[in-house]
Amino acid sequence: MIEPQWQRHWAAEQTFRAWNPGDRIPESHPFGLRHGLDGRAASASELPPKFYILDMFPYPSGAGLHVGHPEGYTATDILARYRRAQGFNVLHPMGWDSFGLPAEQYAVKTGQHPRITTETNIANFTRQIQSLGFSYDWTREVATTDPEYFRWTQWIFLKIYNSWFNPATNKAEPIDTLSYPADCQTEAQQRAFRDSKRLAYVSEAPVNWCPELGTVLANEEVIDGKSEVGGFPVIRKPMRQWMLRITAYAEKLLADLNTIEWSDSLKEMQRNWIGRSEGAEVDFQVDGQPEKIRVFTTRPDTLFGATYMVLSPEHRLVAGLTTPAQSAAVKQYQEFAATKSDLERTELAKDKTGVWTGAFAINPVTGGQIPIWIADYVLASYGTGAIMAVPAHDERDFEFAQKFGLPVVQVVQPPDAKTEWQGFCDEGTAVNSGNAELALDGLPTAEAKRQITVWLESKGLGQKTVNFKLRDWLFSRQRYWGEPFPILWRKDADGNLYHEALPETALPLMPPTLEDYKPTADGQPPLARAQDWLHLPDGAIRETNTMPQWAGSCWYYLRYLDAKNAQGFVGREVENYWMKSGGKTPGVDLYVGGTEHAVLHLLYARFWHKVLFDLGQVSTAEPFFKLVNQGLILGEDGQKMSKSRGNVVNPDDVLVEYGADAFRLYEMFMGPLQDTKPWNTQGVEGVYRFLGRVWRLFVDEKAETDYEQASTVASGTDSAAESARLLDLIRLSPLIRDDAPTPAQLKLLHECIRKVTHDLEHLQFNTAISAMMVFINGAMTWENRPSTVLGSFLQLLAPFSPHLAEELWQRLHQHRDAAVPSLTYAPWPAFDPALLVETDMELPVQVNGKLRDVIRMPVDATAAEIEAAALKAEKAQQFIVGKTVKKVIVVPRKMVNVVVA
RNA sequence: GCCGCGGUGGUGAAAUGGCAGACACAGGGGACUUAAAAUCCCCAGGCCGAAAGGCCGUGCGGGUUCGAGUCCCGCCCGCGGCACCA
């Protein structure tokens with residue numbers, strides 16, 4: 001009952017507004033009062049230090065919130081409230097990642113416009129989130145589907161489109177800085193060159209096509225050959241698609257992981273996805289033909305053991321190399337490989353297949369003739385699409401050689417003589433590796449790599465190279481409910497299609513209104529249905545693909561900074577204040593969300609941010625300084641929550657039963673934030689009881705009974721006036737007085753302050769809560785409850801259970817006839833170590849490392865005194881008497897260990 | 001297969017190399033009550049014992065140390081990610 005009341009109060013007071021530099025802070029707003037900025041505008045330097053706490057904004061699904069959402073949101077809310085109390089200017093916003101498939105699928109089924117579905121869902125999510133009492137600044141709410149939002153998503157796309165990556169400066173630059181090679185003379189040639197360099201470009205390459213979803217997908221969205229969403233089969237299909245050149249940033253995306261505080265596992269996932277590997281490219285001359293085949297290898301030291309070569313079936317040289325005798329077999333194999341889906345390719349991975357082209361190449365170090373094969377275990381998309389096969393020291397090559405009877409030559413000796421050299425893939429010592437100019441025998445692998453690479457470079461046969469697994473980002477989707485590309489297609493004088501950007505003044509480009517949201521009959525995206533939208537009067541045609549859902553989430557954290565800015569995606573000064581000021585924590589200070597975005601959202605957003613950084617649009621190289629993944633909450637049965645298992649817990653139900661405070665507290669008390677843990681409704685009961693004890697620590701028992709009787713009588717009439725009248729019956733306990741606290745009371749309080757403060761800094765919410773429980777268990781026995789001690793405790797409780805804390809805080813001050821200061825902006829209680837000092841201490845006595853007794857000693861006892869006392873410790877006697885004391889170890893203020901023999 | 005994280009009571013979990021199991025849930029016993037709910041008090045890792053007390057105990061096996069849940073080496077198991085990436 002008190003919870004909605006306080007939520008209304010916070011909304012009316014705008015308690016949690018975050019102030020931008022230059023904002024005028026209204027008179028008597030508690031933030032202004034606390035920081036001496038009452039009723040005036042504050043410059044960036046006058047504002048207190050910033051703290052930006054961000055949640056991963058949700059996709060507002062029709063199912064509503066599940067208990068996993070509030071876990072992260074509660075953690076960030078607690079920290080936001082804690083930082084406000086510490087005096088930071090806290091930015092804590094919420095918004096909606098509202099483009100997405102479910103609303104569109106619903107539209108296909110029912111014809112209801114996705115915007116309506118989306119708005120309904122947002123309203124429901126808003127209600128649910130607000131009922132939890134989170135301290136968001138709702139004036140900064142954003143939705144990716146809002147035209148005033150996606151206008152800037154399209155604007156950023158144009159920035160990316162109009163940029164290229166300059167390897168000389170190692171950063172993105174406006175496309176005008178591109179200089180054309182001498183053979184680019186005509187306008188068409190220059191355009192083609194420009195378009196080939198843009199960070200957003202059109203590609204005709206094979207893409208991941210998901211027939212079930214009717215759209216293409218990025219590599220990151222395909223898992224085991226199936227779509228990440230829905231788990232539908234994905235096939236390779238050549239299509240004209242928009243790509244973003246994320247590979248240009250591979251090195252920076254990898255290196256800058258070292259500058260941010262993310263969990264090891266998350267960084268590792270990104271590192272694996274980027275997949276950097278160092279090696280060499282080597283050219284192999286095709287025997288009797290002018291062509292050379294370039295391969296990439298991480299083990300150039302094994303070149304002497306290369307006994308055959310393999311090209312991917314799609315390799316461009318295959319057709320030219322193949323001998324007439326082998327031509328039919330090769331063609332057949334290419335077709336076989338092409339029809340395999342990704343899924344089949346993965347599933348059949350164990351069994352190697354391939355055919356010989358009939359051609360040979362020359363091994364550049366041995367001069368030997370080696371056959372050239374094609375096989376689909378070599379991927380066209382990685383490295384050069386061709387390999388040198390060293391069956392002796394590569395598992396896959398070994399398997400292939402075994403199957404097709406190809407020679408195996410040892411060139412590495414394992415360090416342990418007992419190890420079988422065939423199939424030995426680790427580092428060892430080079431053997432059988434020498435020719436007239438080169439002698440690698442006896443060299444350890446690392447040195448052999450170095451020497452042969454130098455030799456290859458000197459001969460012009462190859463060079464050191466770095467390769468990445470990361471592919472460019474497939475950025476277009478055949479969807480209706482996404483941002484339309486601000487791109488037009490035209491034909492030049494020769495009738496060739498080319499693309500051109502819409503002017504910024506044409507933004508936002510709205511999607512057309514449609515009757516039917518399905519793709520068109522001829523496989524075109526749904527937007528192609530809207531004929532009058534599609535065709536411009538001057539003959540141009542609009543791009544009909546839309547952007548993927550990730551586009552909107554790539555920069556929403558920047559829009560929060562300046563959500564209403566109509567002139568730009570974010571104001572320069574504002575961006576600088578929130579992202580850069582504070583120095584040691586550039587960017588978002590804390591970002592909390594699930595681990596499912598490890599290589600999707602979090603990689604894409606870092607990429608966009610780096611482009612914007614290079615273009616001077618933002619002031620930091622990384623967007624998210626510290627990132628924490630909250631763990632999954634399982635159902636009560638220990639299984640993942642799912643509708644089919646029927647173990648889903650709905651926050652609304654918990655709220656009705658126990659209220660937001662108990663719900664929040666329980667979510668944090670379950671265990672460490674990062675851990676996966678099962679839900680247990682009886683656990684909610686436990687923290688609910690704790691809150692009941694807090695209440696009874698403050699409230700007079702008799703008044704409580706009166707209130708309960710009155711509310712039983714009045715049940716049925718639940719008007720606001722009636723509940724106010726009832727609440728008026730509550731009186732605080734007469735045990736609460738303004739008396740000076742005793743040393744024991746102060747000690748209990750300050751132990752709690754110390755622990756809660758420490759644990760909040762380390763996001764250890766579960767142990768902070770247990771510290772408050774310890775305090776309450778102790779304080780319940782007090783006959784005299786000093787108001788100052790109780791007030792400080794409420795401040796500690798406030799971030800966790802703000803409604804109860806506010807209610808009692810208000811009553812505590814009224815009880816003393818004092819004005820009620822803002823709880824949100826009351827300075828965080830300071831911990832005084834002096835109050836914890838004791839005059840004596842308990843000291844465990846160990847004999848040979850086993851606990852035998854505990855003695856009491858004054859804290860300033862000398863080591864000698866402690867030793868003497870320990871040797872006399874009563875219960876330790878039977879383990880000491882009759883033995884020789886060899887040593888006594890006294891750890892000051894910790895314990896004492898007697899070593900006997 | 002490779003990479004990362006983890007393994008502690010009946011359960012969720014605590015423990016800067018220094019009294020293992022704080023805090024809570026479930027359980028047992030008691031008080032209040034006509035009764036129930038709520039609340040309050042007590043017990044509670046295992047084994048032996050009437051008790052005092054003793055022995056054992058943090059996945060398994062070794063090691064370092066006066067002392068190891070914690071550090072090192074080798075295994076086993078679980079979870080997550082990647083997976084023909086040359």
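Chain letters run A, B, ... following the sequence lines, proteins first, then strands; residues in each count from 1. Reckoned from all heavy atoms, side chains included, excluding hydrogens, waters and symmetry mates.
Both distances falling under 3.5 Å, in either a Watson-Crick or a G-U wobble arrangement, place B/G4 opposite B/C79. Within the shown strands, nothing qualifies as a pairing partner of B/A50 under the Watson-Crick or G-U definition with both distances less than 3.5 Å. Across all strands shown, nothing is found opposite B/A68 as a Watson-Crick or G-U wobble partner with both distances under 3.5 Å. With a cut-off of 3.5 Å on both Watson-Crick or G-U wobble distances, the partner of B/C25 is given as B/G10. Across all strands shown, nothing is found opposite B/A36 as a Watson-Crick or G-U wobble partner with both distances under 3.5 Å. Pair assignment for B/A15: none, as no Watson-Crick or G-U wobble contacts are both less than 3.5 Å.
With respect to the salt-bridge test (charged N to carboxylate O, under 4.0 angstrom), the residues A/Asp376 and A/Lys352 do not qualify. A salt bridge is defined here as a Lys NZ or Arg NE, NH1 or NH2 lying under 4.0 Å from an Asp or Glu carboxylate O, and A/Arg299 with A/Asp301 meets this definition. Ionic pairing of A/Arg664 and A/Glu667 is not present here: no N-O contact between side-chain nitrogen and carboxylate oxygen is shorter than 4.0 angstrom. The pair A/Arg276-A/Glu251 meets the salt-bridge criterion, with a side-chain N (NZ, NE, NH1 or NH2) lying under 4.0 Å from an Asp/Glu carboxylate O. Ion pairing of A/Arg471 with A/Glu220 is absent here, as no side-chain N (NZ or NE/NH1/NH2) approaches a carboxylate O to less than 4.0 Å.
Side chain of A/Val774, nearest nucleotide from B/C25, B/C23, B/G67: B/C23. The side chain of A/Thr297 has B/A86 as its nearest neighbour among B/C25, B/C82, B/A86. Out of B/C40, B/C66, B/A22, the shortest distance to the side chain of A/Arg693 is found at B/C40.
Here A/Glu281 lies out of heavy-atom contact (under 4.0 Å) with every strand. A/Gly275 comes within contact range of no nucleotide atom at all, as no heavy-atom separation falls under 4.0 Å. Nucleic acid contact for A/Lys886: none, since no nucleic acid atom lies under 4.0 Å from a heavy atom of the residue. Residue contacts shown for A/Gln846 include a base, since a base heavy atom lies under 4.0 Å away. Residue A/Lys850 is classed as a sugar-phosphate contact, given heavy-atom separations below 4.0 Å to backbone atoms only. Across all strands, A/Met269 comes closer than 4.0 Å only to sugar-phosphate atoms, never to a base (heavy-atom distances). Within 4.0 Å (heavy atoms only), A/Ser277 reaches sugar-phosphate atoms of the nucleic acid but no base atom. Heavy atoms of A/Val899 sit under 4.0 angstrom from primed sugar atoms or phosphate atoms, though from no base atom. Using a 4.0 Å heavy-atom distance criterion, A/Arg852 is classed as a sugar-phosphate-only contact. At a threshold of 4.0 angstrom between heavy atoms, the contacts of A/Phe879 are confined to the sugar-phosphate backbone, with no base atom among them. Among the atoms of the strands shown, only primed sugar atoms or phosphate atoms (P, OP1, OP2) are found under 4.0 Å from some heavy atom of A/Arg696. Counting non-hydrogen atoms under 4.0 angstrom, A/Asp397 reaches nothing in the nucleic acid.
Counting heavy atoms from C-beta outward, A/Ile730 and A/Trp695 have side chains that approach closer than 4.5 Å.
When each of A/Lys875 and A/Met773 is assigned the nucleotide of RNA chain B bearing its nearest heavy atom, the one mapping closer to the 5' terminus is A/Met773.
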For this session: Could you encode protein contacts along nucleotides 10-17 of chain B as a string, one character per nucleotide from 5' to 3', using B for base contact, S for sugar-phosphate-only contact and - for no contact, with a heavy-atom cut-off of under 4.0 Å?
Result: --BSS-B-
For this session: Determine, for nucleotides 2-7 of chain B in 5'-to-3' order, which nucleotides have protein heavy atoms under 4.0 Å from the base (write B), from only the sugar-phosphate (write S), or from neither (write -).
Result: -SSS--
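B/G9 shows a glycosidic angle within 90° of 0 and is accordingly assigned syn.
The OG atom of A/Ser770 sits 9.5 Å away from atom CZ of A/Phe690, with the distance rounded to the nearest 0.5 Å. Remark: A/Phe424 CZ to A/Glu395 CD distance equals 12.5 Å, nearest 0.5 Å.
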